[in-house]
Amino acid sequence: MKQWFRNIGPGTLVTAAFIGPGTVTVCTLAGVQFGFTLVWALVLSIIACIVLQEMSARLGIITQQGLSEVLKTQFTNPLVKWTLIILILSAVFIGNAAYEAGNISGGVLGLATVFGSPIIKIGNVVINYMSLLIGVIAFVVLYIGNYKILERSLIGLVLFMSIAFIITAIATKPDLEMLFKGFIPDISSGKIFTIIGLIGTTVVPYNLFLHASIVSEKWKKPEELPIARKDTTIAIVLGGIVSMSIIIAGAAIQNTEVNNAADLAKSLEPVFGAGAKYVLSLGLFAAGITSAITAPLAAAYVVKGCLGWKDGLKSKRFRAIWIFILVLGVVFSSLGIKSIEIIRFAQIANGLLLPVIAGFLLWIMNKKNVLGNYVNNWKQNLVGIIIVLITIFLGLRTIWKVIEGW
């Protein structure tokens with residue numbers, strides 16, 4: 001048991017990153033609007049996440065570099081190289097700042113359900129003190145700059161969050177026959193945005209950058225690859241069970257209007273009593289704070305890789321990046337700029353960005369000059385290509401639906 005605990009870690013950071021308020025929101029809406037009929041899309045997302053994150057982990061262990069660092073070395077033309085770097089940095093800064101605001105806002109929603117309004121007035125200044133509280137907790141964990149402390153903090157929060165949502169799902173007493181029917185694929189046009197959202201909130205593009213970077217902090221030798229694979233699979237399957245629990249809980253409150261993720265806790269009170277509201281709210285808080293820690297960390301790792309920094313977690317430049325993202329998130333969250341629709345839009349945008357990043361990863365994983373004997377085999381390539389094609393197809397369906405709407 002002691003050896004098993006010693007070997008878990010980076011996969012948990014991936015789970016901590018994708019089980020955030022965005023996941024709670026999209027999975028809740030999927031359950032409320034469509035019952036169990038989109039469970040199959042979540043299963044597809046989990047399989048895709050395991051396959052792509054395994055590639056990312058393998059890349060990190062074999063090369064001892066992050067995805068952005070490896071990508072940069074494959075382009076000799078300075079114009080192409082710097083265009084790629086600027087695109088990656090722009091996507092990370094804009095995307096992660098928006099995500100950070102959503103993560104912190106989600107954590108606030110969880111606390112507010114238990115403790116009431118987080119707004120206090122000092123003269124003419126309105127302050128959301130819970131946003132500041134979550135920002136301070138994330139800052140302390142990140143500033144310590146010790147990978148083991150970071151890892152253990154997130155493992156504890158993810159386990160707590162998992163228990164909270166699983167208890168909630170069990171308490172709703174779902175119809176198991178209807179649940180199993182949800183494993184049959186259904187891509188009718190009315191569900192396409194939610195399907196893309198479920199994929200986008202599970203297979204998070206910045207996680208592919210984060211995972212490749214953090215595995216090299218824990219594992220240094222190719223012989224440790226099986227441990228990394230086990231860690232990745234267990235952590236992501238656990239995340240999938242949590243996401244499915246949220247869909248199940250959401251399905252129990254059909255015909256109820258859900259305006260934000262906290263409404264899930266409030267609306268479920270008639271189902272299993274007021275007491276479980278606290279468990280679910282604290283689970284939402286844990287979801288917010290785990291993602292509030294990982295989003296700035298991912299941004300810092302991507303910038304480090306793109307600009308070729310050799311600095312560690314405690315360097316001033318590395319800290320400056322995650323502090324900037326964290327402060328932006330706290331500011332935007334305090335101003336109340338993050339609504340449920342913006343969170344949902346972010347997940348859809350994530351789903352559209354995924355085939356591009358996944359395509360780059362698949363290309364790199366077949367480069368012998370990068371990975372030697374650890375390149376993808378034909379089975380891994382086949383699954384990877386199917387995932388990319390499915391995400392492209394769903395992305396095109398989404399774009400076509402938007403055009404039709406005009």
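Position 1 is the first residue of the sequence; numbering continues from there. Computed from heavy atoms alone, side chains included, the values below leave out hydrogens, waters and symmetry copies. Keep in mind it's a predicted model, so treat the numbers as computed, not measured.
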Verify the neighbour count for atom [atom1] of [X]: are there more than 12 heavy atoms of other residues, nucleotides or ligands below 6.0 Å?
X: Asn369; atom1: CG; answer: yes
X: Glu177; atom1: CD; answer: no
X: Trp363; atom1: CH2; answer: yes

Specify the closest pair of heavy atoms between [X] and [Y], including all atoms of both residues, with the distance to one decimal.
X: Ala235; Y: Thr12; value: CB-N, 3.7 Å
X: Pro355; Y: Ile392; value: CB-CG1, 3.6 Å
X: Ile19; Y: Gly239; value: CD1-O, 3.4 Å
X: Leu67; Y: Ala212; value: N-CB, 3.7 Å
X: Ala358; Y: Leu52; value: CB-CD1, 4.1 Å
X: Ser291; Y: Glu100; value: O-OE1, 3.8 Å

Name the residue from Leu198, Thr23, Thr15 that meets the side-chain contact (heavy atoms from CB on, under 4.5 Å) definition with Ser243.
Thr23
Ile386 and its side-chain contact (heavy atoms from CB on, under 4.5 Å) partner, picked from Val383, Leu382, Leu389:
Leu382
Pairwise side-chain contact, [X] with [Y], heavy-atom cut-off 4.5 Å (strictly under):
X: Ile61; Y: Ser216; value: no
X: Ile325; Y: Leu297; value: no
X: Leu307; Y: Arg317; value: no
X: Glu54; Y: Gln380; value: yes
X: Phe318; Y: Tyr301; value: yes
X: Lys367; Y: Val375; value: no
X: Asp175; Y: Phe180; value: no
X: Trp82; Y: Ile85; value: yes

Val43/Met244 under side chain to side chain contact (heavy atoms under 4.5 Å, CB included): CA gap, chis, key distance, verdict:
CA-CA 9 Å; Val43 172; Met244 192 174 296; 4.2 Å; yes
Report the C-alpha separation of Ile134 and Phe139 in whole Å, then their side-chain angles, then the decisive distance to 0.1 Å, and conclude whether the side chain to side chain contact (heavy atoms under 4.5 Å, CB included) test is met.
CA-CA 8 Å; Ile134 291 172; Phe139 178 88; over 6 Å; no
Looking at [Y], is its backbone amide N or carbonyl O close enough to the side chain of [X] to form a donor-acceptor pair, meaning the two atoms are under 3.5 Å apart?
X: Glu69; Y: Gly66; value: yes
X: Thr233; Y: Lys230; value: no
X: His211; Y: Ser56; value: no
X: Arg58; Y: Leu225; value: no
X: Asn366; Y: Leu362; value: yes
X: Lys72; Y: Cys306; value: yes
X: Thr37; Y: Phe34; value: yes

Measuring from atom [atom1] of [X] to atom [atom2] of [Y], what distance do you get when rounded to the nearest 0.5 angstrom?
X: Phe36; Y: Phe183; atom1: CZ; atom2: CZ; answer: 10.5 Å
X: Ser68; Y: Leu210; atom1: OG; atom2: CG; answer: 11.0 Å
X: Thr294; Y: Leu142; atom1: OG1; atom2: CG; answer: 9.0 Å
X: Cys49; Y: Leu208; atom1: SG; atom2: CG; answer: 8.0 Å
X: Lys221; Y: Ile62; atom1: NZ; atom2: CD1; answer: 12.5 Å
X: Ile364; Y: Asn376; atom1: CD1; atom2: CG; answer: 11.5 Å

Evaluate side chain to side chain contact (heavy atoms under 4.5 Å, CB included) for Ile137 paired with Ile293, printing each intermediate quantity in order.
CA-CA 9 Å; Ile137 293 170; Ile293 291 168; 5.6 Å; no
The test is side chain to side chain contact (heavy atoms under 4.5 Å, CB included); show your working for Leu59 and Leu371 and say whether it passes.
CA-CA 7 Å; Leu59 180 72; Leu371 289 155; 4.1 Å; yes
Students often mix this up, so state it plainly: with edges at 30° and 60°, are the rings of Phe360 and Phe75 parallel, tilted or perpendicular?
perpendicular
